[in-house]
Amino acid sequence: MVAKESTDAAAHSADHDTHTRTNAFRIHHAARGADGHFAKPDEMISTADEPGHQELCEREQRLFLSAVRGEVDLSEHHEDAINSLRIIFAADESVRSGEVIRW
């Protein structure tokens, strides 16, 4: 994600829209040619139409309300969150013990 505005002098840390904007996605191709240089240039995908901070909050609230009403199944998201925690806890244990953690 490339957040051009967050590096502008006019951007302030209290500006919520600056925190939620990506402006563009940079796709970096790591393949190299015979000469050792990257075979393809980076691609930039504009996200100029992305929502602002308030719209993101409203979308999250609508999704949450739909889940509370039983209209949306968030089981997959729940499992993803638990798996993320497992990875983080395993990484923490690995750093502390110096061992490879298998789960």
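The basis for the numbers below is simple: all heavy atoms, side chains too, and nothing from hydrogens, waters or symmetry mates. Here, residue 1 is the first one in the sequence, and each next residue gets the next number. The structure displayed is predicted, hence computed values, not measured ones.
Remark: the His29 side chain and the Glu43 side chain contain an N/O donor-acceptor pair separated by less than 3.5 Å.
Using a distance-only test at 3.5 Å, with no hydrogens or angles considered, no donor-acceptor pair links the side chain of Ser94 to the main chain of Ile101. The backbone N or O of Asp80 sits less than 3.5 Å from a side-chain atom of Ser84, completing a donor-acceptor pair.
To the nearest 0.5 angstrom, Glu99 atom CD is 15.0 Å from Arg96 atom CZ. The structure places CG of Asp42 at 9.5 Å from CD1 of Ile27, a figure rounded to the nearest 0.5 Å. Atom CG of Leu56 is separated from atom CD of Glu60 by 6.5 Å, given to the nearest 0.5 angstrom.
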Under the side chain to side chain contact (heavy atoms under 4.5 Å, CB included) criterion, do Leu63 and Val72 qualify, and how do the steps go? CA-CA 8 Å; Leu63 177 64; Val72 175; 3.9 Å; yes
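By the 6.0 Å contact criterion, CD on Glu76 is open, its count of non-hydrogen atoms from other residues, nucleotides or ligands being 12 or less. The environment of His37 atom NE2 is sparse: at most 12 non-hydrogen atoms of other residues, nucleotides or ligands sit within 6.0 angstrom. Counting non-hydrogen atoms of neighbouring residues, nucleotides and ligands closer than 6.0 angstrom, the CZ atom of Phe38 exceeds 12 such neighbours.
Contact check on Glu55 versus Arg62 returns a salt bridge, with a Lys/Arg side-chain nitrogen under 4.0 Å from an Asp/Glu carboxylate oxygen.
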